[in-house]
Amino acid sequence: MSKPSGAPAAAPRDPAPRDPLSRPAESRVPEAVHRRRWAILGVLMFSLLIVVLDNSILNVAVKTIAAPAPTGIGATQSELEWAINSYTLVFAGLLFTSGLLGDRMGRKKVLLFGIAVFGIGSGLAALSGSPGELIAYRALMGFGAAFVMPATLAVLMNVFERDEQPKAIGIWAGGVGLGIAIGPITGGVLLEHFWWGSVFLINVPVAVVALIAMALLVPDSRDPRPGRLDPLGVALSVVGLVLLVYGIIRGGELADFTDATALAPLLGGVVVLLAFVWHEKRTSHPALDVSYFKKPAFSAAVAAIALVFFALMGVTFFSAFYLQSVRGYSALQSGLLILPLAAGQMIFAPRARLVVDRFGARAVCTVGLVLVAAGLAAFGFFDATTPVWVLCVVFFVQGTGMAHIMPPVTVAVMQALPREKAGSGSAINNTFRQVGGALGVAVLGSVLSATYRGRIDGHLGAVPAAARDAAGESIEATLGVARGLGAAGEPLAGAAYDAFLDAMHLTAYCSAAVALIGAVVVAAFLPGRPPAPEPAGDVSDELPEPAGAARG
């Protein structure tokens with residue numbers, strides 16, 4: 001039996017429940033944009049790729065950059081850390097602001113600006129003549145990247161209809177996995193044939209191609225009713241995030257979060273961010289509607305993003321030392337061993353929506369986090385002779401778990417906000433991911449460092465007193481001293497391997513515990529399988545065929 005003619009025209013397509021997590025699209029995507037949506041997604045993936053790829057490339061280049069000229073630029077350990085951290089600090093601090101600017105000024109404009117700045121920064125970084133210049137240009141790259149990452153996801157939400165957004169986000173997430181995989185491989189190949197600056201110079205032609213493709217294909221979009229500016233809220237968000245991330249980085253460097261130089265900015269960042277929330281709840285024109293965090297499913301989704309990257313970035317940090325320092329693999333070989341992780345993401349992320357449709361986001365994300373936890377815990381059983389195939393299986397399991405976490409929680413975050421606020425939603429998603437990842441490297445890196453030093457201190461008796469403190473900082477430092485001792489250093493090298501494996505095992509268990517906490521959070525608060533829709537009767541009698549309904 002047909003419903004009355006006054007029934008809402010969009011009801012069969014989108015039941016439009018009142019829960020913000022199931023908010024329907026307020027307007028349809030224009031026909032011309034809809035037809036080229038997959039080409040647009042390809043351009044967005046290309047833009048995202050260089051931002052993700054650059055970070056993973058740098059991880060394999062640090063040893064070369066540390067070498068004296070002309071091989072490298074003679075960067076110290078501290079300078080290398082800041083070449084990485086300057087990017088992270090600027091990137092994390094500006095993510096939220098860039099998302100707001102995209103909603104207000106136009107996401108295409110922001111995306112073009114970000115790619116251009118990132119490309120210029122990459123070219124300058126490649127030509128750096130000193131560690132100080134490299135640190136500065138890496139910060140410029142982070143500035144550009146902060147405008148790219150949120151904009152890609154925001155544009156995606158505005159070129160795909162709601163029912164196709166989960167599939168598109170799955171492909172987007174798979175692209176992140178691709179960048180993680182090909183970064184170390186690309187870096188290894190470049191370093192074998194060219195000078196260290198090639199790992200940055202490779203970004204320049206990619207940025208040029210991305211700019212041309214975006215100018216031709218990507219439509220612009222913005223919030224049609226952006227309202228008044230909230231300059232105080234924006235300023236508080238930038239200051240709070242910069243202080244918080246700096247405190248995290250500093251605490252990780254010192255392996256001591258109680259040191260005044262780490263604790264003061266850390267607490268200051270927390271206080272400023274609390275002031276930001278207080279201000280946003282009371283202003284009539286907030287930069288961020290914090291009421292969304294009252295929804296358990298929304299808060300659980302962003303918490304899951306932070307926790308999974310906390311666990312995963314921590315293990316990525318120590319796995320590089322395990323593969324290269326303990327196992328003796330080259331940078332290129334280590335990169336190839338990460339391929340199974342990327343393969344798991346690339347295979348399953350685009351298909352995660354199908355599993356969510358059948359079992360619900362709660363079950364899928366919980367199982368995904370349990371798989372990630374299992375993969376992390378497996379590192380607790382690795383030693384210097386663990387077969388390579390076991391490593392590949394563990395990395396594949398981790399990638400598979402990630403593929404069933406990131407797309408569903410990203411969909412939950414992005415579809416919680418109206419389409420015109422897509423930049424803000426993307427900024428929230430990426431901010432929690434970045435802060436979670438920075439915390440993972442800092443906290444778990446501190447666990448690794450402190451445990452290693454405690455295990456190796458008793459074996460440094462043969463090391464000259466002046467070099468003893470530096471020799472206990474890391475496995476690379478200890479092995480460097482051992483090589484300088486010749487045959488007499490062989491016992492010290494063996495002790496370094498054992499001490500690092502003990503430290504890695506403990507850090508792996510901590511990582512797995514964090515992932516399991518994430519599993520408990522999503523099991524408790526993410527929505528389960530949605531109820532099956534009630535039979536709608538003869539839809540053809542219910543409403544006229546919408547324009548463009550047969551679009552492919």
Side-chain angles (χ1 to χ4, degrees), residues 44 46-56 58 82-125 135-156 172 176 179 200 203 206-207 210-211 214 222 231 233-246 248-249 269 272-273 276 287-288 302 305-306 309 313 410 413-414 421-439:
L44 297 177
F46 196 62
S47 306
L48 178 68
L49 189 62
I50 60 171
V51 175
V52 177
L53 182 146
D54 178 76
N55 271 338
S56 52
L58 185 60
W82 273 106
I84 297 171
N85 293 337
S86 62
Y87 180 99
T88 302
L89 191 63
V90 175
F91 181 69
L94 290 176
L95 272 173
F96 181 69
T97 302
S98 68
L100 293 176
L101 289 175
D103 286 343
R104 177 173 291 274
M105 300 173 59
R107 290 142 196 151
K108 179 177 181 178
K109 296 183 183 68
V110 165
L111 189 53
L112 289 168
F113 171 77
I115 287 289
V117 171
F118 187 85
I120 292 169
S122 297
L124 293 172
I135 291 168
Y137 295 140
R138 284 282 297 166
L140 181 62
M141 292 171 66
F143 182 85
F147 288 84
V148 175
M149 186 73 96
T152 58
L153 193 52
V155 171
L156 181 155
W172 182 87
V176 174
F200 298 113
N203 294 330
V206 179
L211 284 170
M214 279 189 287
R222 69 179 74 191
V234 170
L236 287 172
S237 72
V238 173
V239 173
L241 285 170
V242 168
L243 285 174
L244 178 66
V245 174
Y246 176 81
I248 291 168
I249 290 170
V272 173
L273 289 175
F276 167 73
L288 172 65
V302 293
I305 291 169
F309 271 87
M313 292 304 291
T410 302
V413 171
M414 295 305 296
K421 301 293 184 184
S424 300
S426 180
I428 292 169
N429 177 77
N430 286 292
T431 300
F432 274 82
R433 181 174 70 177
Q434 193 68 24
V435 172
L439 265 173

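Residue numbers run from 1 in the order of the sequence given. Because the structure is a prediction, the values reported are computed rather than measured. When reading the values below, keep in mind they use all heavy atoms of this one structure, side chains included, and skip hydrogens, waters and symmetry mates.
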Minimum-distance pair of heavy atoms, taken over all atoms of [X] and [Y]:
{"X": "L241", "Y": "L273", "value": "N-CD2, 4.0 Å"}
{"X": "I115", "Y": "A210", "value": "CG2-CB, 4.4 Å"}
{"X": "F147", "Y": "G114", "value": "CB-CA, 3.8 Å"}
{"X": "M141", "Y": "G121", "value": "CG-C, 3.5 Å"}
{"X": "S122", "Y": "N203", "value": "OG-ND2, 3.2 Å"}
{"X": "G119", "Y": "A207", "value": "CA-CB, 4.0 Å"}

Donor-acceptor check, side chain of S98 to backbone of A146, threshold 3.5 angstrom: yes or no? yes
Spatial distance of atom CZ (F143) from atom CD1 (I120) [nearest 0.5 Å]: 11.5 Å
To the nearest 0.5 Å, atom CZ of F200 lies from atom CG of L124 at 11.5 Å
Is the closest side-chain heavy-atom distance between L111 and V148 below 4.5 Å? yes
